[in-house]
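Predicted model only: the values in this text are computed from it and were never measured. In what follows, residues are counted from 1 in the order of the sequence shown.
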Amino acid sequence: MALTGRAALLAALGSLPVGIWEPGWTGLLAVNAPLAVACACDFALAAPVRRLGLTRSGDTSVRLGDTADVTLTVTNPSRHPLRARLRDAWPPSSWQPGTEIPASRHRLTVPAGERRRITTHLRPTRRGDRQADRVTIRSYGPLGLFSRQGTHQVPWTVRVLPPFTSRKHLPSKLARLRELDGRTSVLTRGEGTEFDSLREYVPGDDTRSIDWRATARQSAVAVRTWRPERDRHILLVLDTGRTSAGRVGDAPRLDASMDAALLLAALASRAGDRVDMLAYDRRVRALVQGRTAGDVLPALVNAMATLEPELVETDARGLTATALRTAPRRSLIVLLTTLDAAPVEEGLLPVLSRLTQRHTILLASVADPHIARMATARGNTEAIYEAAAAAHSQAERHRTAEQLRRHGVTVIDATPDDLAPALADAYLALKAAGRL
């Protein structure tokens with residue numbers, strides 16, 4: 001319970017004539033006694049807060065950057081109408097900076113025996129689970145002099161999913177995939193490994209594709225047609241160690257890796273390939289296996305939502321052993337990790353042969369666009385030193401990438417905006433070349 005500003009104002013205004021005309025206890029009592037009686041009546045007529053019934057409904061998941069609506073239903077079982085101010089508390093990252101106060105505070109009036117709904121609009125700024133905190137209600141009497149206050153725990157969780165900003169590249173990559181698969185008018189005569197059909201020979205066809213048995217059974221020369229491989233296994237491996245915590249722009253490297261992995265998973269599932277995902281640093285942080293083409297993308301998004309970089313050095317041997325157990329057959333393993341020299345040379349390179357002996361390896365790394373801008377800077381001494389440092393960093397990454405390529409690894413090193421389409425293009429190139 002608490003006095004309101006209105007009661008304090010009335011007490012202050014009543015003290016002025018007392019001080020002028022009747023100073024003393026008699027004057028104070030003449031002013032404050034009626035005010036105290038009015039406050040007591042106001043308190044008695046205010047709806048009790050503890051007896052209110054509160055339930056939630058609404059969105060349970062939202063993509064990062066979108067708005068989630070969570071509805072709070074307030075039921076007033078008392079005989080007095082509820083006139084209240086309500087604060088629906090959530091973690092600070094549930095709103096854009098500076099919008100928490102107007103978004104979380106509401107005014108409502110609920111007649112006796114009725115219910116009303118209010119909606120809190122959340123716009124989270126981080127991935128993960130956002131859990132509702134306490135609901136604080138301050139109930140006022142009809143005069144607005146006195147109030148009752150109480151809190152209720154009304155549990156609710158909103159899962160904030162990765163934004164998948166690279167979705168815009170999916171139509172163009174699917175068009176390229178249809179070209180490879182021969183489903184459009186643009187025919188690709190690239191080599192594949194899965195037999196599709198026979199057709200009549202035309203000048204320019206590869207003579208190695210002639211089917212002599214089929215030719216012997218008919219009067220025309222028949223050639224085999226091929227299509228890109230289907231039902232291949234792809235394992236996406238997210239490195240969640242300390243290097244994934246480095247921020248590139250406004251987000252950690254892990255978020256850019258997730259976005260690239262989602263585009264590749266969407267493309268590969270449309271191509272008929274099986275996609276699994278492993279997140280690892282020193283232990284398994286997330287594992288998605290055995291999902292159908294229609295379920296794999298929602299499962300990946302849900303598993304990635306709660307992933308956060310861990311400030312530990314990634315155990316390369318443990319990662320390799322776990323990847324081999326997860327992909328016992330020949331697969332395309334996509335490592336989304338760093339190209340920094342020390343983690344690669346000391347951790348990945350000594351165990352890389354265990355992966356390349358059995359699998360095709362594609363490594364994708366997030367490059368910092370600020371380094372590229374620094375490398376072109378000129379004009380003063382400080383800019384020249386920065387350019388030299390950036391050039392040294394770039395040369396070191398190129399040297400590390402060449403070491404990996406000599407071990408048979410396909411390396412993609414691109415900025416966050418370019419990583420997802422570059423990774424998708426590398427996958428399509430491997431599929432067109434029959435290397436999966």
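The backbone N or O of Ile333 lies less than 3.5 Å from no partner atom in the side chain of Ser331, so there is not a single donor-acceptor pair. A distance-only check finds no donor-acceptor pair linking the side chain of Arg116 to the backbone of Thr73 [under 3.5 Å]. With Asn76 contributing its side chain and Val110 its backbone, the two residues share a donor-acceptor pair below 3.5 Å. Side chain of Asp239 to backbone of Leu336: no donor-acceptor contact under 3.5 angstrom is found.
Atom OG1 in Thr410 sits 9.5 Å away from atom CD1 in Ile361 (nearest 0.5 Å). Once rounded to the nearest 0.5 Å, the distance linking CZ of Arg270 with CG of Leu177 reads 9.5 Å. In this structure, Leu235 CG and Arg329 CZ are separated by 14.5 Å, a value rounded to the nearest 0.5 Å. Going from atom CG of Asp259 over to atom OG of Ser166 covers 3.5 Å, rounded to the nearest 0.5 Å. Rounding to the nearest 0.5 Å places CG of Leu238 at 14.5 Å from CZ of Arg253. Note: Arg232 CZ to Ile234 CD1 = 10.5 Å, rounded to the nearest 0.5 Å.
Residue pairs meeting the side-chain hydrogen bond (donor to acceptor under 3.5 Å, both in side chains) criterion with at least one member in residues 318-327, sequence neighbours excluded: Thr322-Arg325. Among residues at least two apart or in separate chains, there is no salt bridge (charged side-chain N to carboxylate O under 4.0 Å, His left out) pair with a member in residues 354-377. The salt bridge (charged side-chain N to carboxylate O under 4.0 Å, His left out) contacts involving residues 376-398 comprise Asp340-Arg397, Arg397-Asp413, where partners must be two or more places apart or lie in separate chains. For residues 52-80, the pairs satisfying salt bridge (charged side-chain N to carboxylate O under 4.0 Å, His left out) are Arg56-Asp88, with sequence neighbours left out.
Residues Thr120 and His106 meet the side-chain proximity criterion, which asks for heavy atoms closer than 4.5 Å. Using a 4.5 Å cut-off on side-chain heavy atoms (C-beta onward), Val154 and Thr55 make no contact. Side-chain contact between Leu324 and His359 is present, with at least one heavy-atom pair separated by less than 4.5 Å. Here the side chains of Asp273 and Leu267 are not in contact, with every heavy-atom distance at 4.5 Å or above. Side-chain contact between Arg105 and Arg85: absent, with no pair of heavy atoms (C-beta onward) separated by less than 4.5 Å. The shortest distance between side-chain heavy atoms of Val334 and Leu423 falls below 4.5 Å. Between Trp95 and Ser104 the shortest side-chain heavy-atom distance falls below 4.5 Å. Counting heavy atoms from C-beta on, the side chains of Leu352 and Val344 never come closer than 4.5 Å.
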Worked verdict on Leu404 versus Leu363 for side chain to side chain contact (heavy atoms under 4.5 Å, CB included): CA-CA 9 Å; Leu404 292 168; Leu363 187 145; 3.9 Å; yes
Worked check of side-chain hydrogen bond (donor to acceptor under 3.5 Å, both in side chains) between Arg123 and Thr67: CA-CA 5 Å; Arg123 193 176 177 85; Thr67 301; 3.2 Å; yes
Audit row: Leu122, Val62, side chain to side chain contact (heavy atoms under 4.5 Å, CB included) steps and yes/no: CA-CA 9 Å; Leu122 306 178; Val62 63; over 6 Å; no
Stepwise side chain to side chain contact (heavy atoms under 4.5 Å, CB included) test for Thr60 and Arg159: CA-CA 6 Å; Thr60 57; Arg159 173 157 290 188; over 6 Å; no
Chi angles and distances behind the side-chain hydrogen bond (donor to acceptor under 3.5 Å, both in side chains) call for Asn380, Tyr385: CA-CA 9 Å; Asn380 55 46; Tyr385 276 109; over 6 Å; no
Verdict with reasoning, Leu72 to Trp156, per side chain to side chain contact (heavy atoms under 4.5 Å, CB included): CA-CA 10 Å; Leu72 186 67; Trp156 194 260; over 6 Å; no
Which atom pairs, donor and acceptor, lie under 3.5 Å between side-chain atoms of residues 291-298 and protein residues at least two apart or in another chain?
from: Thr292; atom 1: OG1; to: Asp295; atom 2: OD2; distance (Å): 3.1

Side-chain donor/acceptor pairs under 3.5 Å, residues 44-52, sequence neighbours excluded:
none

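Applying the side-chain hydrogen bond (donor to acceptor under 3.5 Å, both in side chains) rule to Thr356 yields no partners; only residues at least two apart in sequence or on another chain are considered. Every residue two or more places apart in sequence or in another chain that forms a side-chain hydrogen bond (donor to acceptor under 3.5 Å, both in side chains) with Asp255 is listed here: Arg127. By the salt bridge (Lys or Arg N to Asp or Glu O under 4.0 Å) test, Glu345 is found to be paired with no residue, residues two or more places apart in sequence or in another chain being considered. Every residue was checked against the side-chain hydrogen bond (donor to acceptor under 3.5 Å, both in side chains) condition with Thr400, not counting sequence neighbours, and none meets it. Checked against side-chain hydrogen bond (donor to acceptor under 3.5 Å, both in side chains), Asp281 has the following partners two or more places apart in sequence or in another chain: Thr240, Arg285. Residues satisfying the salt bridge (Lys or Arg N to Asp or Glu O under 4.0 Å) criterion with Glu313, sequence neighbours excluded, are Arg242.
More than 12 heavy atoms of other residues, nucleotides or ligands sit less than 6.0 Å from atom CZ of Arg247. Heavy atoms from other residues, nucleotides or ligands lying under 6.0 Å from CZ of Arg126 number 12 at most. Around atom CZ of Arg117, no more than 12 heavy atoms belonging to other residues, nucleotides or ligands sit under 6.0 Å away.
Taking all atoms of both residues into account, the shortest heavy-atom contact from Pro369 to Val248 is CD-CG1, 3.5 Å. Between Leu307 and Ala303 the shortest heavy-atom distance is CG-O, 3.7 Å. Closest heavy-atom contact between Ala387 and Ala375: CB-O, 3.8 Å. Of all the heavy atoms in Ala390 and Ile371, the pair that sits closest is CB-O, 3.3 Å. In this structure, Met277 and Ala279 approach most closely via the heavy-atom pair SD-N, 3.9 Å. Heavy atoms only, all atoms of each residue included: His233 and Asp276 are closest at NE2-OD2, 2.8 Å.
Among Leu236, Val301, Leu170, the one residue that satisfies the side-chain contact (heavy atoms from CB on, under 4.5 Å) test with Leu262 is Val301.
Side-chain atoms of Asp129 and Thr157 form no donor-acceptor pair, as typed in the model, at a separation below 3.5 Å.
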